[in-house]
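Structure, as C-alpha coordinates:
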There are 2 protein chains.
Amino acid sequence: MSGVRAQQKEKTRRLLIDAALSQLSAERSFSSLSLREVAKEAGLAPTSFYRHFSDMDELGLTLVDEAGLTLRQLMRQARQRIAKGGSVIQISVATFMELIESNGNVFRLLLRERSGTSAAFRAAVIREIRYFTMELCDYLQKANDLEADVAYMQANAAVTIVFSAGSDALDIDDKAEREQLSKQTIQQLRFIARGAAELSDRRKAVRKRK
Amino acid sequence: MSGVRAQQKEKTRRLLIDAALSQLSAERSFSSLSLREVAKEAGLAPTSFYRHFSDMDELGLTLVDEAGLTLRQLMRQARQRIAKGGSVIQISVATFMELIESNGNVFRLLLRERSGTSAAFRAAVIREIRYFTMELCDYLQKANDLEADVAYMQANAAVTIVFSAGSDALDIDDKAEREQLSKQTIQQLRFIARGAAELSDRRKAVRKRK
DNA sequence: ATTTTAAGTGTACACGTGTACGCTATTATT
DNA sequence: AATAATAGCGTACACGTGTACACTTAAAAT
(Lines give C-alpha, C1' and ligand atoms only; values in the text may rest on other atoms or scores of the structure.)
Protein backbone atom coordinates (compact mmCIF):
# COMPACT_ATOMS: atom_id res chain seq x y z
CA MET A 1 0.00 0.00 0.00
CA SER A 2 2.51 2.57 -1.15
CA GLY A 3 -0.46 4.74 -2.05
CA VAL A 4 0.84 5.79 -5.44
CA ARG A 5 -2.58 4.92 -6.75
CA ALA A 6 -4.56 6.94 -4.21
CA GLN A 7 -2.10 9.76 -4.72
CA GLN A 8 -2.69 9.82 -8.44
CA LYS A 9 -6.43 9.73 -7.88
CA GLU A 10 -6.28 12.71 -5.59
CA LYS A 11 -4.25 14.50 -8.22
CA THR A 12 -6.77 14.11 -11.00
CA ARG A 13 -9.54 14.90 -8.54
CA ARG A 14 -7.89 18.24 -8.03
CA LEU A 15 -7.59 18.53 -11.78
CA LEU A 16 -11.36 18.30 -12.02
CA ILE A 17 -11.93 20.78 -9.21
CA ASP A 18 -9.52 23.27 -10.72
CA ALA A 19 -10.99 22.75 -14.17
CA ALA A 20 -14.42 23.63 -12.83
CA LEU A 21 -13.14 26.65 -10.95
CA SER A 22 -11.20 27.94 -13.92
CA GLN A 23 -14.28 27.83 -16.11
CA LEU A 24 -16.28 30.00 -13.77
CA SER A 25 -16.50 33.63 -14.76
CA ALA A 26 -18.89 36.54 -14.96
CA GLU A 27 -20.46 34.90 -18.00
CA ARG A 28 -20.38 31.32 -16.80
CA SER A 29 -22.08 29.96 -13.71
CA PHE A 30 -21.47 26.56 -12.21
CA SER A 31 -24.95 25.39 -13.08
CA SER A 32 -24.29 26.21 -16.72
CA LEU A 33 -21.22 24.00 -16.71
CA SER A 34 -21.59 20.54 -18.15
CA LEU A 35 -19.92 17.39 -16.96
CA ARG A 36 -18.35 16.97 -20.36
CA GLU A 37 -16.91 20.46 -20.41
CA VAL A 38 -15.29 20.03 -17.03
CA ALA A 39 -13.88 16.64 -17.94
CA LYS A 40 -12.51 18.01 -21.18
CA GLU A 41 -10.86 20.97 -19.45
CA ALA A 42 -9.29 18.53 -17.00
CA GLY A 43 -8.00 16.46 -19.90
CA LEU A 44 -10.19 13.48 -19.06
CA ALA A 45 -12.71 11.40 -20.94
CA PRO A 46 -16.26 12.31 -19.95
CA THR A 47 -16.92 8.98 -18.30
CA SER A 48 -13.82 9.23 -16.14
CA PHE A 49 -15.55 11.97 -14.25
CA TYR A 50 -17.60 9.34 -12.45
CA ARG A 51 -14.52 7.83 -10.85
CA HIS A 52 -14.35 10.95 -8.68
CA PHE A 53 -17.83 12.42 -8.38
CA SER A 54 -21.16 10.74 -8.88
CA ASP A 55 -22.68 13.98 -10.07
CA MET A 56 -21.96 17.55 -11.02
CA ASP A 57 -23.81 18.38 -7.82
CA GLU A 58 -21.24 16.53 -5.78
CA LEU A 59 -18.46 18.50 -7.46
CA GLY A 60 -20.40 21.67 -6.79
CA LEU A 61 -20.73 20.96 -3.11
CA THR A 62 -17.01 20.32 -2.97
CA LEU A 63 -16.43 23.72 -4.53
CA VAL A 64 -18.68 25.36 -1.97
CA ASP A 65 -16.66 23.70 0.76
CA GLU A 66 -13.48 25.10 -0.74
CA ALA A 67 -15.08 28.51 -0.88
CA GLY A 68 -15.90 28.22 2.82
CA LEU A 69 -12.27 27.46 3.45
CA THR A 70 -11.29 30.60 1.58
CA LEU A 71 -13.70 32.55 3.73
CA ARG A 72 -12.06 31.26 6.87
CA GLN A 73 -8.63 32.14 5.57
CA LEU A 74 -9.93 35.63 4.96
CA MET A 75 -11.09 35.87 8.54
CA ARG A 76 -7.72 34.74 9.84
CA GLN A 77 -5.86 37.16 7.65
CA ALA A 78 -8.04 40.06 8.75
CA ARG A 79 -7.48 39.17 12.39
CA GLN A 80 -3.74 39.16 11.96
CA ARG A 81 -3.79 42.59 10.40
CA ILE A 82 -6.10 43.94 13.05
CA ALA A 83 -3.79 42.70 15.79
CA LYS A 84 -1.14 45.03 14.39
CA GLY A 85 -3.40 47.98 15.05
CA GLY A 86 -5.63 50.18 12.94
CA SER A 87 -9.32 50.62 12.28
CA VAL A 88 -11.04 47.26 12.50
CA ILE A 89 -13.70 48.10 9.96
CA GLN A 90 -11.29 49.61 7.48
CA ILE A 91 -8.92 46.66 7.62
CA SER A 92 -11.75 44.15 7.31
CA VAL A 93 -13.20 45.80 4.23
CA ALA A 94 -9.78 46.16 2.61
CA THR A 95 -8.99 42.50 3.24
CA PHE A 96 -12.33 41.42 1.87
CA MET A 97 -11.92 43.50 -1.25
CA GLU A 98 -8.50 42.01 -1.86
CA LEU A 99 -9.98 38.54 -1.62
CA ILE A 100 -12.55 39.41 -4.23
CA GLU A 101 -9.93 40.76 -6.57
CA SER A 102 -7.85 37.59 -6.31
CA ASN A 103 -10.62 35.00 -5.91
CA GLY A 104 -13.47 36.49 -7.87
CA ASN A 105 -14.71 33.19 -9.20
CA VAL A 106 -14.92 31.52 -5.82
CA PHE A 107 -16.84 34.45 -4.49
CA ARG A 108 -19.16 34.47 -7.47
CA LEU A 109 -19.92 30.83 -6.82
CA LEU A 110 -21.09 31.62 -3.30
CA LEU A 111 -23.17 34.59 -4.38
CA ARG A 112 -24.89 32.70 -7.16
CA GLU A 113 -25.58 29.43 -5.45
CA ARG A 114 -26.94 31.21 -2.42
CA SER A 115 -30.03 32.07 -4.41
CA GLY A 116 -29.56 29.19 -6.80
CA THR A 117 -31.75 26.42 -7.97
CA SER A 118 -30.49 23.53 -5.87
CA ALA A 119 -31.65 23.24 -2.27
CA ALA A 120 -28.50 21.38 -1.28
CA PHE A 121 -26.30 24.14 -2.70
CA ARG A 122 -28.29 26.87 -1.03
CA ALA A 123 -28.06 25.09 2.29
CA ALA A 124 -24.31 24.59 1.94
CA VAL A 125 -23.66 28.22 1.05
CA ILE A 126 -25.89 29.50 3.80
CA ARG A 127 -24.05 27.27 6.26
CA GLU A 128 -20.70 28.74 5.27
CA ILE A 129 -21.95 32.28 5.49
CA ARG A 130 -23.59 31.60 8.82
CA TYR A 131 -20.33 30.23 10.13
CA PHE A 132 -18.62 33.39 8.94
CA THR A 133 -21.28 35.53 10.59
CA MET A 134 -21.01 33.65 13.86
CA GLU A 135 -17.31 34.19 14.04
CA LEU A 136 -17.80 37.90 13.52
CA CYS A 137 -20.59 37.86 16.09
CA ASP A 138 -18.27 36.35 18.69
CA TYR A 139 -15.65 38.93 17.99
CA LEU A 140 -18.07 41.84 18.26
CA GLN A 141 -19.57 40.51 21.44
CA LYS A 142 -16.22 40.30 23.17
CA ALA A 143 -14.58 43.37 21.71
CA ASN A 144 -17.49 45.74 22.24
CA ASP A 145 -19.15 44.14 25.25
CA LEU A 146 -22.46 43.64 23.46
CA GLU A 147 -25.35 41.39 24.30
CA ALA A 148 -25.69 38.27 22.21
CA ASP A 149 -28.73 39.31 20.18
CA VAL A 150 -27.40 42.79 19.44
CA ALA A 151 -24.04 41.39 18.41
CA TYR A 152 -25.75 38.93 16.11
CA MET A 153 -27.88 41.54 14.44
CA GLN A 154 -24.84 43.70 13.88
CA ALA A 155 -22.78 40.81 12.54
CA ASN A 156 -25.57 39.70 10.25
CA ALA A 157 -26.12 43.19 8.86
CA ALA A 158 -22.40 43.74 8.43
CA VAL A 159 -21.91 40.51 6.52
CA THR A 160 -24.86 41.33 4.30
CA ILE A 161 -23.48 44.76 3.49
CA VAL A 162 -19.98 43.51 2.83
CA PHE A 163 -21.11 40.65 0.61
CA SER A 164 -23.33 42.96 -1.35
CA ALA A 165 -20.46 45.38 -1.80
CA GLY A 166 -18.31 42.49 -2.90
CA SER A 167 -20.86 41.56 -5.49
CA ASP A 168 -20.84 45.13 -6.80
CA ALA A 169 -17.06 45.20 -6.80
CA LEU A 170 -16.97 42.24 -9.15
CA ASP A 171 -18.59 44.38 -11.83
CA ILE A 172 -16.24 47.34 -11.44
CA ASP A 173 -12.95 47.61 -13.31
CA ASP A 174 -12.04 51.19 -12.49
CA LYS A 175 -9.80 51.35 -9.46
CA ALA A 176 -11.03 54.75 -8.30
CA GLU A 177 -14.60 53.51 -8.35
CA ARG A 178 -13.61 50.51 -6.30
CA GLU A 179 -11.95 52.79 -3.79
CA GLN A 180 -15.12 54.84 -3.61
CA LEU A 181 -17.16 51.70 -3.04
CA SER A 182 -14.85 50.68 -0.20
CA LYS A 183 -15.23 54.06 1.44
CA GLN A 184 -18.98 53.86 1.22
CA THR A 185 -19.02 50.35 2.64
CA ILE A 186 -16.85 51.39 5.56
CA GLN A 187 -19.19 54.25 6.32
CA GLN A 188 -22.20 51.95 6.18
CA LEU A 189 -20.58 49.49 8.56
CA ARG A 190 -19.95 52.40 10.91
CA PHE A 191 -23.62 53.31 10.75
CA ILE A 192 -24.48 49.81 11.85
CA ALA A 193 -21.84 49.70 14.57
CA ARG A 194 -23.06 53.04 15.90
CA GLY A 195 -26.65 51.90 15.99
CA ALA A 196 -25.78 48.66 17.71
CA ALA A 197 -23.64 50.37 20.32
CA GLU A 198 -26.40 52.79 21.07
CA LEU A 199 -29.04 50.12 21.53
CA SER A 200 -26.66 48.32 23.85
CA ASP A 201 -25.99 51.48 25.86
CA ARG A 202 -29.66 52.25 26.15
CA ARG A 203 -30.36 48.80 27.50
CA LYS A 204 -27.56 49.10 30.01
CA ALA A 205 -28.87 52.44 31.23
CA VAL A 206 -32.30 50.94 31.81
CA ARG A 207 -30.80 48.09 33.76
CA LYS A 208 -28.85 50.42 36.10
CA ARG A 209 -31.90 52.47 36.85
CA LYS A 210 -33.61 49.48 38.42
CA MET B 1 -57.27 48.60 -38.93
CA SER B 2 -59.64 47.32 -36.29
CA GLY B 3 -56.63 45.90 -34.52
CA VAL B 4 -58.14 42.51 -33.82
CA ARG B 5 -54.90 41.08 -35.06
CA ALA B 6 -52.61 43.18 -32.89
CA GLN B 7 -54.91 42.53 -29.99
CA GLN B 8 -54.61 38.78 -30.41
CA LYS B 9 -50.86 39.09 -30.70
CA GLU B 10 -50.65 40.98 -27.46
CA LYS B 11 -52.75 38.30 -25.87
CA THR B 12 -50.50 35.42 -26.77
CA ARG B 13 -47.50 37.54 -25.89
CA ARG B 14 -48.89 37.75 -22.40
CA LEU B 15 -49.47 34.03 -22.54
CA LEU B 16 -45.75 33.56 -23.07
CA ILE B 17 -44.79 35.97 -20.32
CA ASP B 18 -47.16 34.34 -17.87
CA ALA B 19 -46.02 30.89 -18.90
CA ALA B 20 -42.43 31.84 -18.12
CA LEU B 21 -43.35 33.42 -14.80
CA SER B 22 -45.43 30.47 -13.75
CA GLN B 23 -42.56 28.08 -14.35
CA LEU B 24 -40.22 29.99 -12.05
CA SER B 25 -39.83 28.53 -8.60
CA ALA B 26 -37.26 27.81 -5.94
CA GLU B 27 -36.07 24.89 -8.03
CA ARG B 28 -36.30 26.53 -11.43
CA SER B 29 -34.45 29.62 -12.54
CA PHE B 30 -35.17 31.58 -15.68
CA SER B 31 -31.85 30.62 -17.22
CA SER B 32 -32.75 26.96 -16.79
CA LEU B 33 -35.97 27.48 -18.73
CA SER B 34 -35.94 26.44 -22.36
CA LEU B 35 -37.69 28.14 -25.22
CA ARG B 36 -39.56 24.93 -25.91
CA GLU B 37 -40.79 24.57 -22.36
CA VAL B 38 -42.14 28.09 -22.26
CA ALA B 39 -43.84 27.70 -25.62
CA LYS B 40 -45.39 24.43 -24.55
CA GLU B 41 -46.69 25.90 -21.30
CA ALA B 42 -48.21 28.74 -23.29
CA GLY B 43 -49.86 26.22 -25.61
CA LEU B 44 -47.83 27.25 -28.63
CA ALA B 45 -45.60 25.48 -31.09
CA PRO B 46 -41.91 26.09 -30.32
CA THR B 47 -41.34 28.07 -33.48
CA SER B 48 -44.23 30.41 -32.74
CA PHE B 49 -42.16 31.83 -29.92
CA TYR B 50 -40.15 33.79 -32.47
CA ARG B 51 -43.17 35.81 -33.54
CA HIS B 52 -42.97 37.56 -30.17
CA PHE B 53 -39.40 37.41 -28.94
CA SER B 54 -36.22 36.89 -30.91
CA ASP B 55 -34.62 35.19 -27.98
CA MET B 56 -35.17 33.86 -24.50
CA ASP B 57 -33.02 36.79 -23.42
CA GLU B 58 -35.54 39.22 -24.82
CA LEU B 59 -38.30 37.51 -22.86
CA GLY B 60 -36.13 37.64 -19.77
CA LEU B 61 -35.53 41.36 -20.06
CA THR B 62 -39.27 41.84 -20.39
CA LEU B 63 -39.73 39.91 -17.17
CA VAL B 64 -37.18 42.08 -15.41
CA ASP B 65 -39.10 45.14 -16.56
CA GLU B 66 -42.26 43.69 -15.11
CA ALA B 67 -40.45 43.01 -11.87
CA GLY B 68 -39.36 46.64 -11.78
CA LEU B 69 -42.97 47.64 -12.15
CA THR B 70 -43.87 45.46 -9.18
CA LEU B 71 -41.14 47.16 -7.19
CA ARG B 72 -42.60 50.55 -7.95
CA GLN B 73 -46.07 49.41 -6.96
CA LEU B 74 -44.57 48.28 -3.68
CA MET B 75 -43.10 51.71 -3.11
CA ARG B 76 -46.43 53.39 -3.79
CA GLN B 77 -48.29 51.04 -1.49
CA ALA B 78 -45.83 51.62 1.33
CA ARG B 79 -46.13 55.37 0.92
CA GLN B 80 -49.88 55.22 1.17
CA ARG B 81 -49.71 53.24 4.38
CA ILE B 82 -47.10 55.53 5.85
CA ALA B 83 -49.27 58.55 5.14
CA LYS B 84 -51.84 57.08 7.49
CA GLY B 85 -49.33 57.16 10.32
CA GLY B 86 -47.10 54.64 12.05
CA SER B 87 -43.46 53.66 12.09
CA VAL B 88 -41.97 54.20 8.65
CA ILE B 89 -39.48 51.37 8.95
CA GLN B 90 -41.97 48.91 10.36
CA ILE B 91 -44.53 49.59 7.65
CA SER B 92 -41.94 49.39 4.90
CA VAL B 93 -40.62 46.04 6.04
CA ALA B 94 -44.13 44.64 6.48
CA THR B 95 -45.13 45.78 3.00
CA PHE B 96 -42.01 44.31 1.50
CA MET B 97 -42.54 41.00 3.21
CA GLU B 98 -46.09 40.84 1.92
CA LEU B 99 -44.85 41.41 -1.61
CA ILE B 100 -42.45 38.53 -1.25
CA GLU B 101 -45.16 36.24 -0.01
CA SER B 102 -47.43 37.05 -2.93
CA ASN B 103 -44.83 37.56 -5.68
CA GLY B 104 -42.07 35.21 -4.67
CA ASN B 105 -41.17 34.24 -8.21
CA VAL B 106 -40.82 37.77 -9.46
CA PHE B 107 -38.58 38.57 -6.56
CA ARG B 108 -36.51 35.44 -7.09
CA LEU B 109 -35.98 36.50 -10.68
CA LEU B 110 -34.46 39.80 -9.57
CA LEU B 111 -32.26 38.19 -6.92
CA ARG B 112 -30.92 35.57 -9.27
CA GLU B 113 -30.34 37.63 -12.35
CA ARG B 114 -28.61 40.31 -10.34
CA SER B 115 -25.64 38.01 -9.98
CA GLY B 116 -26.51 36.03 -13.07
CA THR B 117 -24.62 35.09 -16.14
CA SER B 118 -25.91 37.61 -18.64
CA ALA B 119 -24.47 41.11 -18.59
CA ALA B 120 -27.67 42.55 -20.05
CA PHE B 121 -29.75 40.95 -17.31
CA ARG B 122 -27.45 42.13 -14.57
CA ALA B 123 -27.54 45.66 -15.92
CA ALA B 124 -31.33 45.63 -16.15
CA VAL B 125 -31.80 44.34 -12.61
CA ILE B 126 -29.26 46.76 -11.20
CA ARG B 127 -31.05 49.59 -12.96
CA GLU B 128 -34.35 48.67 -11.36
CA ILE B 129 -32.81 48.35 -7.91
CA ARG B 130 -30.97 51.61 -8.33
CA TYR B 131 -34.21 53.33 -9.25
CA PHE B 132 -35.77 51.88 -6.13
CA THR B 133 -32.82 53.04 -4.03
CA MET B 134 -32.96 56.52 -5.47
CA GLU B 135 -36.57 56.92 -4.60
CA LEU B 136 -35.86 55.89 -1.03
CA CYS B 137 -32.88 58.24 -1.00
CA ASP B 138 -35.07 61.16 -2.00
CA TYR B 139 -37.53 60.33 0.70
CA LEU B 140 -34.89 60.06 3.41
CA GLN B 141 -33.22 63.27 2.36
CA LYS B 142 -36.42 65.26 2.65
CA ALA B 143 -37.95 63.53 5.65
CA ASN B 144 -34.83 63.55 7.80
CA ASP B 145 -33.04 66.61 6.44
CA LEU B 146 -29.94 64.66 5.45
CA GLU B 147 -27.15 65.55 3.09
CA ALA B 148 -27.22 63.86 -0.28
CA ASP B 149 -24.31 61.49 0.25
CA VAL B 150 -25.44 60.43 3.72
CA ALA B 151 -28.96 59.83 2.49
CA TYR B 152 -27.65 57.75 -0.36
CA MET B 153 -25.49 55.58 1.84
CA GLN B 154 -28.39 55.00 4.16
CA ALA B 155 -30.76 54.18 1.32
CA ASN B 156 -28.25 51.86 -0.29
CA ALA B 157 -27.58 50.00 2.94
CA ALA B 158 -31.27 49.77 3.75
CA VAL B 159 -32.16 48.33 0.36
CA THR B 160 -29.35 45.82 0.66
CA ILE B 161 -30.53 44.68 4.08
CA VAL B 162 -34.16 44.45 3.04
CA PHE B 163 -33.44 42.53 -0.15
CA SER B 164 -31.23 40.13 1.72
CA ALA B 165 -33.94 39.59 4.30
CA GLY B 166 -36.39 39.03 1.48
CA SER B 167 -34.14 36.39 0.05
CA ASP B 168 -34.00 34.64 3.40
CA ALA B 169 -37.75 34.93 3.80
CA LEU B 170 -38.25 32.98 0.59
CA ASP B 171 -36.72 29.95 2.24
CA ILE B 172 -38.79 30.12 5.42
CA ASP B 173 -42.20 28.48 5.73
CA ASP B 174 -42.77 28.92 9.43
CA LYS B 175 -44.73 32.06 10.16
CA ALA B 176 -43.16 32.68 13.56
CA GLU B 177 -39.70 32.52 12.04
CA ARG B 178 -40.74 34.99 9.39
CA GLU B 179 -42.01 37.33 12.08
CA GLN B 180 -38.69 37.00 13.89
CA LEU B 181 -36.85 37.81 10.67
CA SER B 182 -38.99 40.92 10.20
CA LYS B 183 -38.23 42.10 13.71
CA GLN B 184 -34.53 41.62 13.18
CA THR B 185 -34.63 43.45 9.87
CA ILE B 186 -36.46 46.37 11.44
CA GLN B 187 -33.85 46.61 14.16
CA GLN B 188 -31.04 46.52 11.61
CA LEU B 189 -32.65 49.31 9.62
CA ARG B 190 -32.86 51.32 12.82
CA PHE B 191 -29.15 50.79 13.40
CA ILE B 192 -28.45 52.24 10.01
CA ALA B 193 -30.85 55.15 10.43
CA ARG B 194 -29.30 55.96 13.77
CA GLY B 195 -25.79 55.92 12.39
CA ALA B 196 -26.75 58.10 9.44
CA ALA B 197 -28.53 60.63 11.63
CA GLU B 198 -25.54 60.85 13.89
CA LEU B 199 -23.09 61.44 11.09
CA SER B 200 -25.37 64.13 9.78
CA ASP B 201 -25.63 65.79 13.19
CA ARG B 202 -21.90 65.70 13.68
CA ARG B 203 -21.35 67.41 10.37
CA LYS B 204 -23.88 70.08 11.20
CA ALA B 205 -22.20 70.75 14.52
CA VAL B 206 -18.88 71.24 12.82
CA ARG B 207 -20.39 73.66 10.37
CA LYS B 208 -21.93 75.80 13.10
CA ARG B 209 -18.68 76.05 14.96
CA LYS B 210 -17.06 77.84 12.04
C1' DA C 1 -62.43 41.22 -55.02
C1' DT C 2 -57.64 40.52 -55.04
C1' DT C 3 -53.36 40.73 -53.10
C1' DT C 4 -50.27 41.20 -49.28
C1' DT C 5 -48.97 40.50 -44.58
C1' DA C 6 -48.08 37.91 -40.62
C1' DA C 7 -49.42 34.65 -36.53
C1' DG C 8 -49.15 30.02 -35.82
C1' DT C 9 -48.00 24.94 -37.29
C1' DG C 10 -45.20 20.78 -38.40
C1' DT C 11 -41.12 18.72 -40.06
C1' DA C 12 -36.38 18.29 -40.03
C1' DC C 13 -31.66 18.79 -38.73
C1' DA C 14 -27.30 19.19 -36.33
C1' DC C 15 -25.64 19.49 -31.86
C1' DG C 16 -24.54 18.86 -26.91
C1' DT C 17 -26.05 16.40 -23.07
C1' DG C 18 -25.74 12.41 -19.25
C1' DT C 19 -24.54 7.92 -18.74
C1' DA C 20 -24.54 2.59 -19.51
C1' DC C 21 -21.28 -0.82 -20.93
C1' DG C 22 -17.18 -3.27 -22.12
C1' DC C 23 -12.32 -2.78 -22.45
C1' DT C 24 -7.20 -1.87 -21.21
C1' DA C 25 -3.43 -1.14 -18.26
C1' DT C 26 -1.51 -0.54 -13.94
C1' DT C 27 -1.44 -0.95 -8.99
C1' DA C 28 -2.68 -3.60 -4.83
C1' DT C 29 -3.65 -7.93 -2.61
C1' DT C 30 -3.22 -12.63 -1.90
C1' DA D 1 3.54 -15.43 -9.28
C1' DA D 2 -1.32 -15.25 -9.69
C1' DT D 3 -5.38 -12.73 -8.83
C1' DA D 4 -8.36 -8.91 -7.76
C1' DA D 5 -9.34 -4.08 -7.92
C1' DT D 6 -9.74 0.20 -10.21
C1' DA D 7 -8.49 4.67 -12.89
C1' DG D 8 -9.23 5.98 -17.32
C1' DC D 9 -10.85 5.35 -22.32
C1' DG D 10 -13.98 4.76 -26.37
C1' DT D 11 -18.27 3.64 -28.25
C1' DA D 12 -23.02 4.02 -28.33
C1' DC D 13 -27.58 5.53 -27.26
C1' DA D 14 -31.71 8.18 -26.28
C1' DC D 15 -33.03 12.69 -25.34
C1' DG D 16 -33.80 17.73 -25.29
C1' DT D 17 -32.16 21.73 -27.40
C1' DG D 18 -32.43 26.04 -30.85
C1' DT D 19 -33.87 27.18 -35.15
C1' DA D 20 -34.24 27.01 -40.50
C1' DC D 21 -37.80 26.27 -43.82
C1' DA D 22 -42.00 25.59 -46.17
C1' DC D 23 -46.87 25.61 -45.10
C1' DT D 24 -51.74 27.26 -43.84
C1' DT D 25 -55.09 30.50 -42.59
C1' DA D 26 -57.14 34.64 -41.39
C1' DA D 27 -56.78 39.62 -41.07
C1' DA D 28 -55.26 43.97 -43.42
C1' DA D 29 -54.31 46.67 -47.45
C1' DT D 30 -55.01 47.54 -52.09
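All figures in this text were calculated on a predicted structure; none of them were measured in a lab. Letters go in sequence order (proteins before strands), and every chain restarts at 1.
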>> If you apply the rule salt bridge (charged side-chain N to carboxylate O under 4.0 Å, His left out), what do you find for A:Arg178 with A:Asp174, and how did you get there?
In response: CA-CA 6 Å; A:Arg178 281 248 262 269; A:Asp174 186 41; over 6 Å; no
Between [atom2] on [N] and [atom1] on [X], what's the gap in Å once rounded to a whole number?
{"X": "B:Met56", "N": "D:dT19", "atom1": "CE", "atom2": "P", "value": "11 Å"}
{"X": "A:His52", "N": "D:dT6", "atom1": "NE2", "atom2": "P", "value": "13 Å"}
{"X": "B:Gln8", "N": "C:dT9", "atom1": "CD", "atom2": "P", "value": "11 Å"}
{"X": "B:Gln7", "N": "C:dA6", "atom1": "CD", "atom2": "C1'", "value": "17 Å"}
{"X": "A:Phe49", "N": "D:dC9", "atom1": "CZ", "atom2": "P", "value": "14 Å"}

> For B:Gln23 and B:Ala19, which heavy atoms make the closest approach, and how far apart are they?
Replying inline: CG-O, 2.9 Å
> Are side-chain heavy atoms of A:Arg127 and A:Asp65 found at a separation under 4.5 Å?
Replying inline: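 A:Arg127 reaches A:Asp65 side chain to side chain.
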> In residues 9-40 of chain B, which ones come under 4.0 Å of DNA chain D, going by heavy atoms?
Replying inline: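 Here the set is B:Ser34, B:Leu35, B:Arg36, B:Glu37.
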> Which word best sums up how the rings of B:Phe132 and B:Phe163 line up, parallel for under 30°, tilted for 30 to 60°, or perpendicular for over 60°?
Replying inline: perpendicular
> Got a minute to check which stems DNA chain C is part of, using Watson-Crick or G-U wobble pairs under 3.5 Å, three or more consecutive?
Replying inline: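 So far as stems of 3 or more pairs are concerned, DNA chain C shows C:1-30 with D:1-30.
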>> Quick test of your reading of the model: are B:Arg14 and B:Glu66 salt-bridged, counting only N-O distances below 4.0 Å?
In response: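 Looking at B:Arg14 and B:Glu66, the cut-off is met.
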> Considering heavy-atom distances to DNA chain D, does B:Tyr50 or A:Leu44 have its closest nucleotide positioned more toward the 5' end?
Replying inline: A:Leu44
> Partners of A:Asp149 by side chain to side chain donor-acceptor pair (under 3.5 Å), sequence neighbours excluded?
Replying inline: A:Arg203
> Quick one: is the NZ or CZ of A:Arg72 closer than 6.0 Å to the six-membered ring centre of A:Tyr131, and within 45° of its axis?
Replying inline: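 Checked: cation-pi criterion met.
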> What string of B, S and - do you get for nucleotides 21-26 of chain C, 5' to 3', if B is base contact, S is sugar-phosphate-only contact and - is no contact with any protein heavy atom under 4.0 Å?
Replying inline: B----B
Contacts under 3.5 angstrom, residues 81-94 of chain B side chains, donor-acceptor by atom type, not counting sequence neighbours:
from    : atom 1 : to      : atom 2 : distance (Å)
B:Arg81 : NH1    : B:Glu98 : OE2    : 3.4
B:Arg81 : NH2    : B:Glu98 : OE1    : 2.6
B:Ser87 : OG     : B:Gln90 : N      : 3.1
B:Ser92 : OG     : B:Val88 : O      : 2.8

>> The test is salt bridge (charged side-chain N to carboxylate O under 4.0 Å, His left out); show your working for A:Glu135 and A:Arg79 and say whether it passes.
In response: CA-CA 11 Å; A:Glu135 235 177 291; A:Arg79 263 207 247 275; 2.8 Å; yes
> Atom CG of A:Leu140 and atom OG of A:Ser200: how far apart are they, to the nearest 0.5 Å?
Replying inline: 11.5 Å
> Does anything in residues 23-42 of chain A pair up under ring-ring contact (aromatic ring centres under 6.0 Å, His included), and if so which pairs, sequence neighbours excluded?
Replying inline: A:Phe30-A:Phe121
